Structure formats: structure tokens, C-alpha cells
Amino acid sequence: MGLNKIYTGNTDKMADNQKIINIAVIAHVDAGKSTLVDALLAQSHVFRDNEQVVDCVMDSDAIERERGITIYSKNCSIMYKDYKINIVDTPGHADFSSEVERIMKTVDTVILLVDSSEGPMPQTRFVLNKSLQQGINPILFINKIDKKDARIDEVVDETYELFMDLEANDDQLDFPILYGIARQGIAVNDPSEVEGITIGDGQTKIKKSPKGYGGFNIEPLLECIVNHCDPYPARDSEPLQMQVSTLAYDDYIGRLGIGRITRGTIKEAQMVAVTKEDGTVSKNKINQVFVYKGLSRVAVDEACSGDIVVVSGIPDISIGETICDPENPESLGTILIEEPTLSMNFMVNSSPFAGKVGKYVTSRHIKDRLEKELEVNVGLLVEPTDSTDCFKVSGRGELHLSILIENMRREGYELAVSKPEVVIKRGENGEKLEPVEEVVVSVPDEYTGPVISKLNLRKGLMKQMFSEGNGYSRIVYTAPTRGLMGYRTEFINDTHGEGTMVRRFEGFEEWKGDIPDRVNGVAVAQEEGNCTAYAIFTIQERVQMFVKPQDHVYEGQIVGMNARSDDMVVNPCRAKKATNMRAAGSDDTIKLTPPRVFSLEEALEFIADDELVEVTPTDIRLRKKLLTELERRKYNNRNR
């Protein structure tokens with residue numbers, strides 16, 4: 001989250017009686033949240049005219065840039081007329097929904113983005129529900145109205161139905177609606193205003209221009225914000241109260257607490273009281289106070305109520321704690337986060353290659369890193385296990401946990417992780433409950449058969465199916481999380497890469513019974529050594545290989561997927577016996593099939609209960625928990 005540089009040159013007091021409005025941009029994945037924030041920043045003159053600005057400038061984390069997704073909530077601010085508008089850009093993936101939950105108390109309104117073609121999606125329901133629960137009156141922004149398959153009026157009706165389903169009150173139902181093309185920095189009050197604008201020509205689209213296009217700009221949205229939402233009331237004279245919603249870290253000044261000042265003012269070198277989650281109160285001294293100006297944090301002497309500020313000097317500050325006036329230590333309560341649904345074991349890497357490339361390899365290193373992550377990742381839960389070398393880590397989904405593993409890998413950690421398992425609960429009568437998700441798939445009509453068949457096998461229950469009118473069908477299922485693990489790769493194969501699937505946690509329901517696991521067995525290396533082309537050539541007839549010639553493998557490492565259901569021990573290191581006899585045709589060129597290469601998510605989906613993913617800074621390997629064939633046979637005999 002290293003987006004914001006810290007500038008300490010401007011230390012003036014914030015302007016008196018400044019009008020402040022805090023907004024969050026919320027939506028489903030790929031609705032255009034970060035692109036809309038780009039347009040707001042570009043048209044508010046945050047950047048110089050000659051400045052080179054990257055797309056989705058708020059997505060500053062390396063993994064966010066690589067994957068094209070938002071993972072962390074981030075802040076910036078713009079000036080419009082005499083208003084300061086603080087903007088929070090939020091993630092759209094359900095796995096990172098805790099990032100949305102914790103910032104809802106810091107904003108006055110939300111801009112709900114809905115795609116003009118897709119309409120409200122599963123995560124749209126979740127983020128909207130969280131904002132309605134806080135009593136926020138949203139603004140609806142129908143984005144991508146230039147799409148050929150846009151169905152604007154239907155999408156507006158669907159959004160009204162969603163508001164009513166979520167029991168919005170009369171004020172919330174009276175939401176303003178704007179339409180636009182965030183990619184070009186356009187917002188209008190009526191879609192007919194941009195009917196004559198050509199955004200694309202045939203298969204090509206014009207270049208993205210967040211500064212506006214064709215005489216249109218983002219100003220109608222800014223006008224709507226200041227007219228729809230009253231500025232934060234002046235409460236500077238009241239005792240200080242500020243809840244920390246986000247944490248950051250700076251190498252020079254240490255831990256930073258970020259949140260909105262609910263009342264009062266906060267100053268440099270001010271003595272404050274911090275109310276903890278357990279009810280205790282500690283006295284601390286504020287070191288520096290920063291506010292957001294554009295994308296930067298600017299140091300100020302004093303910040304007023306309503307503003308989102310960053311404070312330093314409290315070394316043990318945590319999310320949900322309240323910074324108060326020492327004479328009036330009044331807590332704002334805790335930030336409620338929904339419970340995790342998926343868990344996996346993080347353990348010390350015990351393979352023969354352990355410690356060869358990693359910088360941090362011991363259980364103490366892994367424990368310290370997980371504890372550090374808990375401070376900023378409120379949707380995570382870490383529990384000890386019977387072994388000191390193993391930790392049970394629970395999160396909101398496979399992506400949530402895999403992003404943590406990927407970050408650890410890049411920081412130099414080595415570890416082994418087990419197959420993800422769902423979090424099981426017990427009902428009021430002692431019945432077994434498991435997490436269930438709503439699954440929305442959009443697939444070409446000719447591929448609906450395999451998709452429906454596979455989801456039925458995974459204990460899914462169809463709720464709705466209808467044609468989208470463009471050769472695609474939309475299917476809505478309710479399915480247990482346990483059954484959906486490992487399905488994404490099959491779905492891509494079944495739909496030839498043309499289908500889309502989105503999931504949303506719906507709740508806990510009764511245990512659905514046995515669900516078939518992976519059908520294929522694996523090929524396990526027999527000994528340590530370098531793979532040879534000769535050995536791989538003989539094995540690949542019945543095994544899809546995961547390794548290539550000259551890869552170094554060890555006994556117990558998984559080197560391929562067997563065509564049959566049982567595991568098979570193979571020797572990919574076997575070399576061709578040298579001989580001085582020659583035979584016609586025996587020395588022909590060997591043709592090898594390219595190996596299957598796993599990403600971290602694909603590896604976690606693939607492994608079975610008796611397998612692990614070995615994660616190092618340079619490699620992702622699959623292995624058996626018990627490395628030798630003798631150990632595996634003994635274990636299988638004991639558990640028959």
C-alpha cells in the first residue's frame with residue numbers, strides 16, 4: 001500500500017470551516033471503479049498537464065498492477081469549488097470485502113457503479129447492503145453506456161429491485177442516477193445526451209482519455225455529489241473522537257493510523273487517549289498529522305472534524321480503536337467484519353530443497369509475518385495448531401489467502417501450504433453447517449450443458465437461467481464453497497475460455513454430503529536428480545507432465561498428472577544407458593509435450609488432502625505430505 005508519498009513541506013493549519021465530503025466508490029469486479037477515480041483526479045487538476053499518468057493510478061501495489069485488480073482500499077482527495085472531496089477506492093472481489101466493510105463508517109455517501117450490460121452482480125449486492133446498513137444514501141452511476149449490448153433501462157429497474165430486496169428506506173430509494181463512460185471521463189444526467197458521440201469504430205476503441213471527450217466531462221457527477229450530500233457538520237468545538245479504519249507503515253515514522261475525525265480537531269504533539277477493543281484506555285502522544293491532497297499525504301498542524309487523516313506516533317494502534325480526548329475517552333465501538341469461510345495450514349517447508357533460496361524459513365519467521373499481516377488484514381484469522389511448525393490461517397476465499405502467500409513469497413519467505421478447507425460451524429441443534437455461495441455464470445449457449453452437469457455434480461442448486469440475447473446464457477446457482485474449489489480451471493476448459501463466473505458468499509447451510517474430489521491420480525518422483533528428456537518421453541504417454549528436462553526434482557515431488565485415478569511412482573531422472581552399439585531409428589529426435597505450469601491459485605486448486613504446495617521465492621512445486629513411497633504405503637495400510 002505504498003501509494004502515497006509523504007510531504008512535510010506544507011504544515012499550515014487546515015482552512016477554517018472547510019466543506020468536506022467523504023465518498024467511496026463501490027461496485028462489482030471490473031465495473032470501472034479505479035477508472036472513474038482516474039477521471040475524477042484528472043479533471044480536478046491533480047496531475048500536471050505534461051505528467052505521464054498510468055491507468056488505474058490508485059492500483060499502486062505490484063500484484064494489483066500485474067493482475068489488473070484492486071486489493072486494498074486507498075484514499076485520495078480532490079477540490080471542487082469550495083468543497084474538499086475525499087475519495088476511497090475499494091476492491092470489487094468478494095475475497096477482499098473486509099476492505100469495504102471497514103471504510104463504510106468513514107464516508108458520507110457512496111457511488112455505486114453498475115455495468116450497463118451486466119447489471120447488478122453478486123458483489124454489487126454485498127457492497128450495497130453494507131452501505132445501506134450504515135444509513136448511507138447512495139448515488140447510482142450506470143457505467144459503460146457505450147457498449148453495443150447496453151440495456152440501460154433494464155439495468156436501472158434491476159437496481160431498483162435490488163434496493164427493495166435489501167429493504168432500503170424511502171430516502172435511500174430516492175437515489176440520483178447518472179450515466180457515463182468512466183474510460184473517457186464522461187458523466188451525463190441522461191444517456192440521450194451522448195447518443196451522437198462515437199467512442200468506437202468497428203472493433204477498435206478510441207484511446208482512453210479520462211480528461212473528458214467530445215465536450216463532455218465528469219462535472220455532472222461532481223455537481224450531483226455536492227447537491228446530494230451535505231458537507232460534514234462543523235463539530236470542531238466538541239471533544240476529539242476518531243476511529244482508525246486502516247493502517248499503513250512508513251520506514252521513517254513507523255505505524256500510521258488512518259480514519260475520519262468524527263468530532264473535534266487533532267493537532268501535532270497532542271496528548272490523546274486510545275480506547276482498545278477490550279475496553280482499556282491508554283494515553284499516547286500524536287507525533288504528526290497528515291491529510292490527503294490529491295494522491296499525496298500532506299503534513300498539517302491541525303486537522304478538523306469530518307476529514308480523513310493519517311496520524312503517527314502511536315506504535316500499537318490497531319484497526320477499530322478510537323482516538324479520543326483524554327478527558328472524554330468515548331469509544332465508537334468495534335468494526336464488525338464477517339467471518340472467514342476458508343482455511344489452510346501454513347507450515348515450515350520440510351522438503352529436501354528447503355532453505356536453498358528463501359531468506360525466511362523458520363516457524364518464528366512465518367509466525368511473525370502472519371502476526372504482522374493480522375494488524376492490517378482484518379478479514380484474516382490465524383490460529384495455532386498441535387504443531388509449533390504449523391499455523392491454521394483462515395480467510396474470505398482462495399484469492400484472499402493466495403495474495404497473502406504471493407506477498408510472502410516475494411518478500412523472501414519459504415513455506416508449504418495445505419489444500420484449502422471450508423470453515424465448518426455447528427447449528428443451534430448441533431447440525432453441521434458449511435458455507436454456501438451464489439454463483440453467476442455467463443456462457444455461450446452451446447456450452448451450457450457441461451456447466452450445468454458439473455455444477456449439479458458439485459451439489460449445486462439452480463435458481464435461475466435465462467438468455468442474455470447475444471448467444472450467451474446466464475445461469476444462477478447456489479453451491480457449497482467446498483464443491484466450487486478447483487472448479488474454475490474446469491469451467492475455463494468447458495467453455496473454451498469464453499465463459500465468466502462470479503461468486504458471492506451467501507451464508508451457512510446444512511452439510512451437503514460427499515462431493516467428488518479430483519478424478520486423476522498423480523505421478524510422483526522416485527528419486528532426487530535432474531529430469532532427462534529420455535525419461536520424460538517414456539512417461540508422457542500416460543502422464544501430463546509438470547516438469548521439463550534439467551528440472552531438479554526430489555523424491556516425493558509431484559511431476560505430473562496420471563491418466564488414471566491412482567497415483568504412480570515414476571523416475572523422470574532415468575538416463576539412457578550408454579552403449580557402443582547403434583541401431584537404425586533408436587536415436588531419432590525426441591519430441592516432448594510442453595509441461596503444464598501452475599500459478600499459485602491453480603496449484604492450490606489442484607492438490608488433494610495428502611499433498612502440499614511448496615512455495616519459495618523462485619519456484620512453486622507440488623509434493624506429497626509423506627515423501628517416500630514406503631511411508632505412504634504404511635499410512636494407507638493404517639487408514640484402510
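Any value given below was found using the heavy atoms of this structure, including those in side chains, with hydrogens, waters and symmetry copies removed. What you are looking at is a predicted structure, and each value in this text was computed from that prediction instead of being measured.
Within 6.0 Å of atom NZ in Lys267, 12 or fewer heavy atoms from other residues, nucleotides or ligands are found, so the atom counts as exposed in its surroundings. Heavy atoms from other residues, nucleotides or ligands lying under 6.0 Å from CG of Asp190 number more than 12. Taking a 6.0 Å sphere around CD of Glu339, one finds it holds 12 or fewer heavy atoms contributed by other residues, nucleotides or ligands.
Using a distance-only test at 3.5 Å, with no hydrogens or angles considered, no donor-acceptor pair links the side chain of Glu330 to the main chain of Gln241. Listed for the Lys19 side chain is no donor-acceptor partner under 3.5 Å among the backbone atoms of Asp230. The backbone N or O of Pro239 sits less than 3.5 Å from a side-chain atom of Arg263, completing a donor-acceptor pair. For the pair Thr322 (side chain) and Gln243 (backbone), a donor-acceptor distance under 3.5 Å is absent. With hydrogens and angles disregarded, no donor-acceptor distance shorter than 3.5 Å links the side chain of Gln133 to the backbone of Lys130. Here the side chain of Thr478 pairs no donor or acceptor atom with the backbone of Glu438 at under 3.5 angstrom. Using a distance-only test at 3.5 Å, with no hydrogens or angles considered, no donor-acceptor pair links the side chain of Gln172 to the main chain of Pro138. Between the Asn143 side chain and the Leu113 main chain, no donor and acceptor come within less than 3.5 Å of each other. Between the side chain of Arg474 and the backbone N or O of Glu118, at least one donor-acceptor pair lies under 3.5 Å. Counting only distance, with no hydrogens or angles, the side chain of Ser73 and the backbone of Thr90 share no donor-acceptor pair below 3.5 Å.
Between Lys144 and Asp115 there is a salt bridge, with a side-chain nitrogen of the basic residue lying less than 4.0 Å from a carboxylate oxygen of the acidic one. Using a 4.0 Å cut-off between charged nitrogen and carboxylate oxygen, Arg260 and Asp108 count as a salt-bridge pair. Checked for salt-bridge contact, Glu219 and Lys81 miss the test: no charged N lies under 4.0 Å from a carboxylate O. Looking at Arg125 and Asp165, a side-chain N of the basic residue comes within less than 4.0 Å of a carboxylate O on the acidic one, giving a salt bridge.
Using a 4.5 Å heavy-atom cutoff, the side chains of Tyr160 and Leu140 are not in contact. No side-chain heavy atom of Lys463 sits under 4.5 Å from any side-chain heavy atom of Tyr477. The closest side-chain heavy-atom distance from Arg255 to Ile317 is below 4.5 Å. Residues Glu158 and Val114 form no side-chain contact, since every pair of their non-hydrogen atoms from C-beta on lies 4.5 Å or further apart. Residues Lys84 and Met79 are in side-chain contact: their nearest non-hydrogen atoms beyond the backbone lie under 4.5 Å apart. Contact annotation: the side chain of Arg183 never approaches that of Asp146 to less than 4.5 Å [non-hydrogen atoms, C-beta and beyond]. A 4.5 Å side-chain heavy-atom check between Leu132 and Phe163 finds at least one atom pair inside the cut-off. Using a 4.5 Å cut-off on side-chain heavy atoms (C-beta onward), Glu601 and Leu399 make contact.
When all heavy atoms are compared, the tightest approach of Ala273 to Val281 is CB-CG1, 3.7 Å. Across every non-hydrogen atom of Ser305 and Ala234, the tightest pair is OG-C, 4.3 Å. Residues Ser117 and Lys147 share a closest heavy-atom pair of CB-CD, 3.7 Å. For the residue pair Lys293 and Val298, the shortest heavy atom distance occurs at CB-CG2, 3.5 Å. The shortest non-hydrogen separation linking Ala303 to Val291 is CB-CG1, 4.0 Å. Closest approach of Ser131 to Ile26, counting heavy atoms only: OG-CD1, 4.2 Å.
Applying the side chain to side chain contact (heavy atoms under 4.5 Å, CB included) test between Val88 and each of Asn22, Ile103, Val110, Thr246 identifies Ile103 as the sole match. Screening Asp307, Asn86, Ile261, Thr262 for a side chain to side chain contact (heavy atoms under 4.5 Å, CB included) with Tyr232, the sole residue that qualifies is Thr262.
Between atom CD1 of residue Ile286 and atom CE of residue Met271 there is a gap of 9.5 Å, rounded to the nearest 0.5 Å. The line from CD1 of Ile136 to CE of Met104 is 5.5 Å long, rounded to the nearest 0.5 Å. Rounded to the nearest 0.5 angstrom, Thr159 OG1 and Phe175 CZ are separated by 6.5 Å. Note: Ile177 CD1 to Ile152 CD1 = 11.0 Å, rounded to the nearest 0.5 Å. How far OG of Ser312 is from CD of Gln288: 5.0 Å, rounded to the nearest 0.5 Å. Atom CD1 of residue Ile181 and atom CD1 of residue Ile145 lie 5.0 Å apart, to the nearest 0.5 angstrom.
Judged as a side-chain hydrogen bond (donor to acceptor under 3.5 Å, both in side chains), the pairs with a partner in residues 271-280 (not counting sequence neighbours) are, in order, Lys276-Asp316, Lys276-Glu321, Asp278-Thr280.
Using a 3.5 Å distance cut-off with no hydrogens or angles, the side chains of Glu302 and Thr265 do pair a donor with an acceptor.
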Item to check | Full working for side-chain contact (heavy atoms from CB on, under 4.5 Å) between Ile23 and Ile87 | outcome: CA-CA 5 Å; Ile23 65 169; Ile87 304 169; 4.0 Å; yes
Next on the checklist: Checking Val502 against Gln123 for the side-chain contact (heavy atoms from CB on, under 4.5 Å) test, could you report, in this order, the C-alpha distance in whole Å, the side-chain angles of both residues, the deciding distance, and whether it holds?
Outcome noted: CA-CA 8 Å; Val502 289; Gln123 187 63 3; over 6 Å; no
Item to check | Asn75/Val310 under side-chain contact (heavy atoms from CB on, under 4.5 Å): CA gap, chis, key distance, verdict | outcome: CA-CA 10 Å; Asn75 303 69; Val310 185; over 6 Å; no
